[in-house]
There are 2 protein chains.
Amino acid sequence: MASMKHTITDVAIDLFFKKGYFATSISEIARGCGIRKASIYYHFAGKEELLFTIMQTTMKDLMAGLQAGLAAADNTESRMRAAVRNHIRFHLERQKETFIASSELRGLTPEHLESVVAQRDEYEHIFQNVIGKGMEAGVFACNDAKVISYAILTLCTAGAAWYRPDGRLSADAIAEIYEGFVLRGLKSGGRDTNRPAELVCDPWPI
Amino acid sequence: MASMKHTITDVAIDLFFKKGYFATSISEIARGCGIRKASIYYHFAGKEELLFTIMQTTMKDLMAGLQAGLAAADNTESRMRAAVRNHIRFHLERQKETFIASSELRGLTPEHLESVVAQRDEYEHIFQNVIGKGMEAGVFACNDAKVISYAILTLCTAGAAWYRPDGRLSADAIAEIYEGFVLRGLKSGGRDTNRPAELVCDPWPI
DNA sequence: GTCTATATTTTGATAGAC
DNA sequence: GTCTATCAAAATATAGAC
């Protein structure tokens with residue numbers, strides 16, 4: 001059932017995750033698939049195209065999860081919770097691909113880099129919009145939405161770097177802890193809204 | 001004043017940060033220093049020793065900053081604030097080195113990896129101790145101190161990946177936003193302490 | 001689709017002159 | 001301390017048989 005193209009992708013994901021993109025050779029990927037390295041070039045133009053394919057698929061699926069989560073939520077807080085939950089869960093459940101997608105951008109050609117960064121920017125923009133709406137509504141502490149979005153996104157993204165599927169806590173348990181931590185951090189009413197509103201409520205001026 | 005050994009280290013930090021450890025060659029480092037690649041080997045045993053030196057120095061300085069910050073604070077909250085502030089500020093101000101230290105561990109020999117991981121574990125342990133004390137005292141929401149420590153540490157560490165020294169916000173401004181976000185996330189009294197205390201107050205069982 | 005064989009380049013590292 | 005010269009190994013990628 002599994003095509004060789006699929007097998008190559010899976011082996012590459014495994015090796016790129018374990019050793020890194022630059023430290024992984026075409027020969028190793030071929031060995032993992034039980035074929036010779038020349039055969040790889042029948043399925044992919046080269047190592048970089050393999051990396052690009054992995055990243056593109058990952059970003060597409062990540063975005064789809066966000067859209068689905070947001071569509072099912074009807075107020076600012078539940079939308080934010082859905083966004084955080086999707087982001088952290090996706091990064092734990094598809095750990096290898098998400099880790100590659102966030103750490104191997106330097107392996108892409110300029111054209112492919114531009115394409116993946118565009119996908120990432122679109123995703124971030126939606127995320128920042130949810131945060132910005134919450135700040136405008138006073139549900140979240142007024143702060144710099146862009147920096148806060150980076151904080152939340154990278155926080156979850158880094159989960160792919162330390163998570164162990166056979167570890168003490170399940171992905172669900174971690175997602176619940178993270179969701180609580182992030183939402184508390186966002187909430188207004190605390191003593192830590194320590195900057196004047198007119199200075200920091202400026203979500204997207206680059 | 002600057003010795004060649006120092007110059008080599010600086011050039012290597014620059015290139016490892018920009019291109020990654022595996023994608024950087026000894027020739028490139030030599031070119032950046034204005035010498036031939038063979039001369040590098042007079043100062044360092046090889047590329048890996050260069051990486052190890054960078055990482056070791058970075059971890060030592062990071063630890064020194066934490067110790068100094070904690071020594072100047074006298075209660076749980078201010079100790080936590082000092083720990084977070086040191087961590088985020090260090091990762092922004094010494095962006096290149098900290099980025100390398102957190103993303104190029106796979107480039108180390110097993111012996112050197114063990115050494116750096118030991119330094120990192122010691123650092124994490126101190127950090128987790130501050131969090132654990134806050135939870136015991138009821139100052140922080142009772143939660144899994146280990147996971148929360150990973151959340152906070154990776155959150156700040158990732159700052160080295162997106163920070164731009166010439167960007168809209170200074171390292172100080174970002175540090176203040178992060179400190180507020182993290183402390184709010186930690187505080188008890190919110191509605192998000194959603195797990196039984198006896199289950200989650202279990203800081204260090206691996 | 002996969003193979004063998006090979007071209008080309010580059011790598012990390014060493015020897016020995018100066 | 002830095003150089004020239006060189007080595008051996010490994011890399012990506014291609015040509016052409018089957």
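Note on naming: letters A, B, ... go to the chains in the order of the sequence lines (proteins, then strands), and numbering restarts at 1 for each one. Everything numeric in this text was worked out from a predicted model, so none of it was measured.
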Undergrad: Starting from P on C/dT10, measure out to CZ on B/R31 and report it in whole angstrom.
TA: 10 Å
Undergrad: In the structure I gave you, are the side-chain heavy atoms of B/E93 and B/T98 within less than 4.5 Å of one another anywhere?
TA: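 Sidechains of B/T98 and B/E93: no contact.
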Undergrad: Nearest whole Å is fine: how far is C/dT11 C1' from B/Y21 OH?
TA: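 Computing the B/Y21:OH to C/dT11:C1' distance gives 12 Å.
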Undergrad: Choosing from D/dT2, C/dG12, D/dT4, which nucleotide comes nearest the side chain of B/K47?
TA: C/dG12
Undergrad: Do any N or O atoms from the side chain of A/T9 and from the backbone of A/K5 form a donor-acceptor pair under 3.5 angstrom?
TA: yes
Undergrad: Looking at D/dT4, C/dT4, D/dT12, which one has an atom nearest to any side-chain atom of B/A38?
TA: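 Nearest to the side-chain atoms of B/A38, counting from C-beta on, is D/dT4.
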Undergrad: What is the distance, rounded to the nearest whole Å, between atom CD1 of A/I40 and atom P of D/dT14?
TA: 14 Å
Undergrad: Counting just side-chain N and O atoms, does B/S39 come under 4.0 Å of either OP1 or OP2 of D/dC3?
TA: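 Checking B/S39 against D/dC3: at least one side-chain N or O falls below 4.0 Å of OP1 or OP2.
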Undergrad: Between C/dT10 atom C1' and B/I29 atom CD1, what is the distance in whole Å?
TA: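 For the pair B/I29 CD1 and C/dT10 C1', the rounded distance is 15 Å.
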Undergrad: Would you say the side chain of A/V116 lies within less than 4.5 Å of the side chain of A/F52, judging by non-hydrogen atoms?
TA: yes
Undergrad: Pick the closest DNA chain D nucleotide for A/A45 and for B/M4 by heavy atoms, then say which residue is nearer the 5' end.
TA: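 It is B/M4 whose nearest nucleotide is closer to the 5' end.
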Undergrad: To the nearest Å, give me how far apart NZ (B/K37) and C1' (C/dT9) are.
TA: 12 Å
Undergrad: In whole angstroms, how far is the P atom of C/dA17 from the OH atom of B/Y42?
TA: 18 Å
Undergrad: Please state whether the phosphate of D/dA11, meaning OP1 or OP2, lies under 4.0 angstrom from any side-chain nitrogen or oxygen of A/S25.
TA: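 Result: yes.
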Undergrad: Taking side chain as C-beta onward, heavy atoms only, is A/S149 less than 4.5 Å from A/E124?
TA: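 When only atoms from C-beta onward are counted, A/E124 and A/S149 do not touch, as no gap falls below 4.5 Å.
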Undergrad: B/R36 has a side chain; which of C/dC3, C/dT14, D/dT4 sits nearest to it?
TA: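 That would be D/dT4.
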Undergrad: How long is the line joining CD of B/E28 and P of C/dG12, in whole Å?
TA: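 For the pair B/E28 CD and C/dG12 P, the rounded distance is 9 Å.
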Undergrad: Under a 4.5 Å cut-off applied to non-hydrogen side-chain atoms, are A/F181 and A/L155 in contact?
TA: yes
Undergrad: Could you work out which one of C/dT2, C/dG12, D/dT14 sits closest to the side chain of A/I35?
TA: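 That would be C/dT2.
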Undergrad: Over how many whole Å does the gap from B/K19 atom NZ to C/dT10 atom C1' extend?
TA: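 Checked: the NZ to C1' distance equals 12 Å.
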